[in-house]
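To keep things clear, I will list the structure first and then write my remarks on it.
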Amino acid sequence: MTNVLEDPAPLQLNYVPDEFQGRENEASELKTAFAGSEEAPLPNLHVHGPRGTGKTQVVNSVFSNLPKRVSKAYVPCDKYDTQYKALKQICKAFSQDVDDGHHTSELQRKIGEQVEVMKTVVILDEIDFLLLNDGDDLLYFLSRLENSDNISVVTISSNTKNLESLIEERTYSSLQPRRIGFEPYNGEELYQILAERAKKALASKSLQREALTYIASSTSNLGRSLTWLRYAAKTAETTITEELVREVEASAYQEYVNQLLDDFTEHHYLVYEAVYETSGEGEDSVRTGKIYEKYQELCRSTEKEALSDRRISDYIKQLELLGVVQADYYYGGKKGKTREVNLG
DNA sequence: TATGTTTCAAATGAATCCACGTCAGCGGGATTA
DNA sequence: ATCCCGCTGACGTGGATTCATTTGAAACATAAA
């Protein structure tokens with residue numbers, strides 16, 4: 001490893017600190033939701049808040065301290081975006097025996113058995129992706145399990161405050177999740193966190209106070225600011241100055257986007273690139289038709305088969321869920337109905 | 001040597017998931033009649 | 001009322017994956033000449 005950083009871990013997104021600064025309220029709210037008596041049914045939760053507010057980390061940290069007789073399954077639904085894939089992940093979390101059978105109902109039966117004998121928490125992170133791609137069958141199944149008192153469904157979303165708007169009534173009414181909201185970090189909190197982590201990670205490089213202040217005032221997204229700081233540290237000779245931080249702002253942001261898109265297909269990236277390039281050509285928002293043309297062009301130059309516009313329409317939605325683009329409906333009269341897309 | 005039996009891997013079959021393309025109907029303000 | 005351009009849900013298709021079954025040929029065993 002030829003890493004300039006002594007201990008890069010604290011600057012990584014998945015680093016789990018001992019204590020969550022500025023998330024004490026949310027953490028204790030989660031804990032109390034589960035603090036009921038032994039016999040009480042497990043609650044369903046819907047955790048929401050903007051991207052980069054520590055939802056995933058806090059939830060996972062709280063649930064990693066569950067008593068032994070409660071099992072836990074964590075499913076990142078941006079990656080496992082169908083009922084089948086998610087069920088498979090849940091099964092994997094319960095038992096090591098390699099997935100045999102390839103039948104959705106088979107997996108459902110297994111999970112049913114598991115829930116019968118053991119209290120269970122299922123965490124569905126980035127639930128929007130699964131709902132967009134495959135509907136709410138999985139949620140419906142989980143909410144209607146025979147021993148539903150024994151299972152807790154925790155959905156996490158960066159885009160949807162209220163699950164009710166995304167799922168069918170019958171699902172919502174049997175799920176009845178309690179909502180827990182995460183507020184964005186304010187500048188002060190973000191500054192503290194970054195300073196704390198930098199202290200642990202950057203022993204050999206000095207860090208100007210103004211540099212951190214600038215980052216903390218430009219975004220409230222912890223993930224983005226960590227990437228930014230990491231990028232600056234990588235670039236810096238000895239001192240991370242405000243000037244340097246400003247300089248690398250754009251490229252650090254691109255790096256952040258790349259990380260987000262890492263789990264997706266190359267076509268997602270090409271679509272993003274198409275949006276990026278077209279929006280660079282003057283107007284700040286572009287219609288989908290133009291983006292699709294640009295996308296096709298990019299495909300030709302990289303010798304890839306272009307997907308249909310139907311696909312790309314969905315891909316743009318996914319990029320929107322990731323927060324890297326924004327797309328609003330636009331009724332242009334004779335110019336038709338489309339979406340206007342711009343960079344997030 | 002001819003014939004029967006066993007063994008095991010490769011070929012084939014069957015079931016399933018799902019990414020994708022195609023199709024048709026829709027949306028709603030601007031334009032036109 | 002018409003038009004525009006793309007949105008969107010439904011549906012069919014083919015590739016991929018996985019397990020189960022069949023096939024076939026080698027290896028071995030036995031019996032007959």
Side-chain angles (χ1 to χ4, degrees), chain A residues 75-112 124 126-142 159-160 165-171 261-272 274-275 277-279 281 283-300 302-322 325-342:
Chain A
V75 183
C77 297
D78 51 343
K79 211 169 173 182
Y80 303 98
D81 59 355
T82 66
Q83 173 175 210
Y84 182 76
K85 289 178 193 166
L87 286 171
K88 210 160 150 185
Q89 276 310 103
I90 297 172
C91 281
K92 251 187 197 165
F94 291 159
S95 53
Q96 304 84 332
D97 64 355
V98 193
D99 42 53
D100 54 52
H102 38 32
H103 203 331
T104 300
S105 60
E106 181 90 356
L107 297 174
Q108 289 180 334
R109 191 181 49 74
K110 266 192 176 179
I111 290 167
L124 300 171
E126 303 284 5
I127 186 70
D128 309 69
F129 286 89
L130 194 147
L131 293 175
L132 172 70
N133 188 44
D134 202 32
D136 68 353
D137 290 349
L138 175 67
L139 282 182
Y140 184 69
F141 162 73
L142 290 176
N159 300 281
T160 316
S165 57
L166 281 188
I167 62 184
E168 285 180 39
E169 259 181 67
R170 55 171 199 175
T171 310
L261 292 181
D262 231 21
D263 283 336
F264 293 84
T265 68
E266 56 192 359
H267 289 284
H268 283 92
Y269 191 82
L270 286 172
V271 173
Y272 174 75
V275 177
E277 287 191 17
T278 43
S279 65
E281 295 166 359
E283 323 95 86
D284 39 316
S285 65
V286 211
R287 289 188 291 118
T288 358
K290 207 157 179 201
I291 291 170
Y292 186 62
E293 277 172 28
K294 189 77 187 178
Y295 160 78
Q296 284 178 310
E297 198 178 298
L298 287 171
C299 281
R300 271 196 299 278
T302 50
E303 311 228 324
K304 293 194 179 73
E305 291 266 324
L307 299 177
S308 66
D309 52 352
R310 179 70 187 82
R311 286 296 107 215
I312 299 314
S313 180
D314 281 350
Y315 278 25
I316 290 176
K317 270 194 183 157
Q318 292 178 344
L319 292 182
E320 198 181 5
L321 288 179
L322 284 175
V325 306
Q326 213 179 335
D328 296 314
Y329 288 104
Y330 167 76
Y331 298 100
K334 239 181 142 85
K335 289 181 178 170
K337 175 195 178 190
T338 178
R339 282 179 294 184
E340 279 194 329
V341 185
N342 52 55

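Below, chains carry the letters A, B, ... as their sequence lines are ordered, and counting in each starts from 1. Only heavy atoms go into these numbers, but all of them, side chains included; no hydrogens, no water, no symmetry mates. Computed from a prediction, not measured in an experiment: that's the story for all the values here.
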How close or far is atom P of B/dT16 from atom CG of A/Leu107, stated in whole angstroms?
12 Å

To the nearest Å, how far apart are A/His268 NE2 and B/dC20 P?
9 Å

Round to the nearest Å and state the distance from A/Arg311 atom CZ to C/dG6 atom C1'.
15 Å

Taking atom P of C/dC5 as reference, at what distance in whole Å does atom OH of A/Tyr330 sit?
12 Å

Cation-aromatic face contact A/Arg170/A/Tyr140, 6.0 Å, 45 degrees
yes

Would you say the side-chain atoms of A/Thr171 and A/Asp136 include a donor-acceptor pair closer than 3.5 Å?
yes

Residue-phosphate contact under 4.0 Å: A/Thr104 side-chain N/O, B/dC17 OP1/OP2:
yes

Hey, does the side chain of A/Lys317 come within less than 4.0 Å of C/dT8's phosphate (OP1/OP2), counting only N and O?
yes

If each of A/Gly333 and A/Arg339 is mapped to the nucleotide of DNA chain C with the nearest heavy atom, which maps nearer the 5' terminus, i.e. the 5' end?
A/Gly333

Protein-nucleotide distance (A/Glu293, atom CD; C/dC5, atom C1'), rounded to Å:
12 Å

A/Tyr84 has a side chain; which of C/dC7, B/dC18, B/dG29 sits nearest to it?
B/dC18

Return the nucleotide paired to B/dT32: Watson-Crick means purine N1 to pyrimidine N3 with N6-O4 or O6-N4, wobble means G-U with N1-O2 and O6-N3, both under 3.5 Å.
none

Report the distance from atom CD of A/Glu266 to atom P of B/dC20, rounded to the nearest whole Å.
10 Å

Counting heavy atoms from C-beta on, name the nucleotide in B/dA30, B/dG27, B/dA19 closest to the side chain of A/Lys334.
B/dA30

Nearest to the side chain of A/Lys85, heavy atoms from C-beta on, is which of B/dG21, C/dT8, B/dA19?
B/dA19

Mind calculating the distance between NZ (A/Lys337) and C1' (C/dT8) to the nearest angstrom?
8 Å

What's the CD1-C1' distance between A/Ile316 and C/dC7, to the nearest Å?
11 Å

In terms of side-chain heavy atoms, does A/Gln326 have a donor or acceptor partner in A/Glu340 at a distance below 3.5 Å?
no

Check: A/Phe264 ring centre within less than 6.0 Å of A/Tyr272 ring centre
no

Any side-chain N or O of A/Tyr315 below 4.0 angstrom from OP1/OP2 of B/dC20?
yes

Do A/Ser313 side-chain atoms and A/Asp309 backbone N/O form a donor-acceptor pair below 3.5 Å?
no

Under 4.0 Å from OP1 or OP2 of B/dC18: is there any side-chain N or O of A/Thr82 that close?
yes

With a 4.0 Å cutoff (strictly under), does any side-chain N or O of A/Thr338 reach OP1 or OP2 of C/dG6?
no

Any N/O donor-acceptor pair, A/Arg310 side-chain to C/dG9 base, under 3.5 Å:
yes

